[in-house]
Amino acid sequence: MNLPKRYLITSALPYANGLKHIGHLAGAYLPADIYVRYLKAQKRDVVYVCGSDEHGTAIPIQATAEGTTAQAIIDKYHPIMAQNFKDLGIDFDIYHRTSDPLHHETAREFFTKLNDNGNLEIKESEQYFDEQANTFLADRYIKGTCPNCAYENAYGDQCERCGKSLSPDELINPVSTLSGNTPIKKATKHWYLPLDRHEDFLRNWILKEHANDWRSTVVGQCKSWIDGGLQARAVTRDLDWGVKVPAKDAEGKVLYVWFDAPIGYISATKQWALNTGKDWRPYWEDKETKLVHFIGKDNIVFHCLIFPVMLKLHGNILPDNVPSNEFMNLEGDKMSTSRNWKIEMQDYIDDFINKENGGSQMADVLRYYLTLIAPETKDSEFTWQGFQDANNSELVSIFGNYVNRCFVLMHKLCKGKVPPLHAEALTDLDKATMAEIQGTKEKVENLLEQYKFRDALFEVINLSRIGNQYMQKKEPWIVAKQTAENGQPTAEAQQSIDNTLHICLQLCANLAVLINPFLPFTARKMCYLMKVVDKMLDWDNAGKLKLLSVGYTLRAPELLFRKIEDSEIAYQLEKLKSAIVSREAAVVSKEPVTMEENSPKFADVKSEIVFDDFAKIDLRVGTIVSAEKVEKADKLLKLSVDLGFETRTIVSGIALHFKPEDIVGKQVTVVVNLAPRKMRGIESNGMILMAEDANGKLHFINPEGEINAGAGVS
RNA sequence: GGCGAGGUAGCUCAGUUGGUUAGAGCACAGGAUUCAUAACCCUGAGGUCACGAGUUCAAAUCUCGUUCUCGCUACCA
């Protein structure tokens, strides 16, 4: 196998608007860290970069909401996130940040090169503009009613309640969050990355060259995007938070966050090089560098399509692989920050690591379970019960217990020293066990090279299982009872004991080397117990049977892991339950719940209108005379509504809530002078008023008793 | 609706190019043991491989249809 000259490993830049949860950890950070630790143990040339993504509109918006500045937000979260990663053993070579001047400089250079080379397009488009604030409004500065779920405070890029991606044009009743005014449309100029020009390249590169070595989920997702037709994507935004666009007539424009964030990998590498006196260029320019991006599946489009196009245009190397993980669910539901259904890294650190209940070893317990259930091929499921079981019956009972019984027996039967190996007395079982040690090394290696972290970890644990079986069959504690007249074991018995424990201890040392990428704190504690330096953890030592010298005194046994009590699990489940409560409150309030405020809130009252505004709306009572499902649409019903003076066709998105046959004859309130709008090819002439309850269920607004169709409502 | 990924033992998941009685770990049951964190070790029970049809000597695996879950995307009060 031709080894790459050097490696550059990246983990997705976490967005610096809040704390990250264990789903993020399992998806983009932990696997990368394992891979990097493995490469470093092999003494390969590897740099692992990451950093906070600190631009985008969400951060200044959040700042406004919290009455602070964008800078204050990122300054608050950047160090906490960096510390969280450190506490969990995620060992970046550099954790940079995109607000750093070096990053701005790097991103501007990148943009300029593409722009100068004619790789970007400039287009004029109509964008919302706030006249009072005299500024164009980025998507997130526009709020309005979500066309998907009718949530009234949906943002121009996404509805926080139903999670749907939106564009500002889709919002109903758009309002500027800066002034509260209705924005006007105004022409503005933006730079675009014409992805459509690169379809052939992407198709060939991903769907042909990497059809077999990339994960099928990744290739499939890319195929879906490519087949769906690639379009030019705006590279710039009208905003004053971010990297200023280095071009003429670009006043008030910054690079769109998706463009500048991945460049953060490059600027982080530059900063690392500055810190260490190295040259960053080969890592991004030399074809012999292996670039690997670790991400979650929501990031596939950026790392497999957009950023590679950018890199190619800019003259950089392309990623060798993008081992994206699927999502990790939590106790039967999707993890979600806005719904407060999550376990933050900080929560875990507070509850399990910082207290006097296990220390850093507990970081390894989380690393263990998250790797065990890593969503490598499909969405997976985190349960606290599973966490407890994995710890108590695997880490503690199999791995930890093996190490412990080795040490205890060695102290009891071998005077606390590594016993000699009597080659002449080796049994077949001894030899087979020694072979297993070497075999495990190769298995783990192969699996890691294929990014199969879950399977690789299993093989390591399995080696401790083999150790337990070996010890059980050799039963040195029984052999020790074959005593001579002096009360000591016979010479023959002692030979057997020596050989058994010698092999057991070498196996222990191997476990430390092999577990090191996965559970680094544990590996170090094992080194401490064996009184060896960390250098023993070099991957070269894996499979070797002379890691511990004969006659060497080892420390007294100490437990590697502790059991996790039922009460701890009950407490965590209770914590989550209270999150359900606040989530229900969130639905009532139609407001994303923040950690601090769990009390129900109602949507903000819209800005005041005069009577004439209201009088413009013509409301009538109508009777539904027929209803049918609209073809090829999940949510639409085509209704005929008798309004007295005429019967109209109205298309309404209520199919998920009502069966057509159940609503015929119902009286409803209709906005009759709304401009017609085509939906799925059917013209809708009016709008049915609906009320939504706390569970998201829709109800008709209708008169108390039956009245004549066409009656006015005021 | 379109596209992508999935649906395999009570739970969490493997199953490479179709090839004998479909696997692992955990949980469970029985046994054995005591060096060890009521730990380990041995044995066992368990699955109509979502459902239906087709191709084949042979299908968890290939084809088509149905259904459910997740993601992207379209329509949308």
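We name chains A, B, ... by the order of the sequence lines, and we start the count at 1 in each one.
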Pick the P atom in B/U20 and in B/A5, then give their distance to the nearest Å. 27 Å

Under a plain distance cut-off of 3.5 Å, with no hydrogens placed, do A/Asn325 and A/Arg215 share a side-chain donor-acceptor pair? yes

Judged by modelled atom types alone, do A/Glu394 and A/Tyr368 share a side-chain donor-acceptor pair under 3.5 Å? yes

For the residue pair A/Phe387 and A/Phe352, is the inter-centroid distance of their aromatic rings smaller than 6.0 Å? yes

Give each protein N/O atom lying under 3.5 Å from an N/O atom of nucleotides 30-36 of chain B, with the pair distance.
from  : atom 1 : to       : atom 2 : distance (Å)
B/C35 : O3'    : A/Lys412 : NZ     : 2.9
B/C35 : O2     : A/Arg405 : NE     : 3.3
B/C35 : N3     : A/Arg405 : NE     : 3.4
B/C35 : N3     : A/Arg405 : NH2    : 2.5
B/C35 : N4     : A/Arg405 : NH2    : 2.9
B/A36 : OP1    : A/Lys412 : NZ     : 3.1
B/A36 : O3'    : A/Asn404 : ND2    : 3.2
B/A36 : O2'    : A/Asn401 : OD1    : 2.6
B/A36 : O2'    : A/Asn404 : ND2    : 3.2
B/A36 : N3     : A/Asn401 : ND2    : 3.4
B/A36 : N3     : A/Arg405 : NE     : 3.3

Check ring pair (Phe, Tyr, Trp, His ring centres under 6.0 Å) between [X] and all other residues, then give those that pass, not counting sequence neighbours.
X        : result
A/Phe327 : none
A/His293 : A/Tyr265, A/His303, A/Phe307
A/Trp205 : A/Phe201, A/His210, A/Trp214

Here the ring-ring contact (aromatic ring centres under 6.0 Å, His included) pairs for residues 397-419 of chain A, sequence neighbours left out, are none

Quick tally for nucleotides 22-27 of chain B: nucleotides whose base has a protein heavy atom under 4.0 Å get B, sugar-phosphate-only ones S, the rest -, giving --SSSS

Could you tell me if the side chain of A/Asn299 sits less than 4.5 Å from the side chain of A/Val322, heavy atoms only? no

Note, A/Leu395 side chain near A/Leu519 side chain (heavy atom, < 4.5 Å): yes

Return the set of residues passing side-chain hydrogen bond (donor to acceptor under 3.5 Å, both in side chains) with A/Gln469 (not counting sequence neighbours), or none when no residue passes. none

Run the side-chain hydrogen bond (donor to acceptor under 3.5 Å, both in side chains) test against A/Tyr15 and tell me which residues pass, sequence neighbours left out. none

Scan A/Gly400 against the nucleic acid and name what it touches under 4.0 Å (heavy atoms): base, sugar-phosphate only, or nothing. base

Assign A/Lys334 to base, sugar-phosphate, or nothing according to its heavy-atom contacts below 4.0 angstrom with the strands shown. sugar-phosphate

Quick test of your reading of the model: are [X] and [Y] salt-bridged, counting only N-O distances below 4.0 Å?
X        : Y        : value
A/Lys334 : A/Asp379 : no
A/Glu326 : A/Lys297 : yes
A/Asp430 : A/Lys473 : no

Taking side-chain hydrogen bond (donor to acceptor under 3.5 Å, both in side chains) as the cut-off, I'd like each qualifying pair that reaches into residues 380-392 of chain A, sequence neighbours left out, listed once. A/Gln385-A/Gln388, A/Gln385-A/Asp389, A/Gln388-A/Asp566

Rounded distance (nearest 0.5 Å) linking atom CG of A/Leu505 with atom CE of A/Met530: 9.0 Å

Convert the base pairs of RNA chain B into dot-bracket notation, remembering that pairs crossing earlier ones are written with [ ] and that bases paired across to another strand are shown as |; include only Watson-Crick or G-U pairs under 3.5 Å. (((((((..((((.....[...)))).((((.........)))).....(((((..]....))))))))))))....

Each nucleotide N or O in nucleotides 62-69 of chain B that has a protein N or O under 3.5 Å away: list the pair and distance.
none

When rounded to whole Å, the CG to P distance for the pair A/Leu560 and B/C40 reads 15 Å

Separation of B/U16 atom P from A/Asn446 atom CG, nearest Å, is 18 Å

Please tabulate the protein-to-nucleotide N/O contacts below 3.5 Å involving nucleotides 3-5 of chain B, giving atom names and distances.
from : atom 1 : to       : atom 2 : distance (Å)
B/C3 : O2'    : A/Ser224 : OG     : 3.2
B/G4 : O2'    : A/Gln221 : N      : 3.4

Comparing nearest nucleotides in RNA chain B, the 5'-proximal residue of the pair A/Ser464, A/Ser380 is A/Ser380

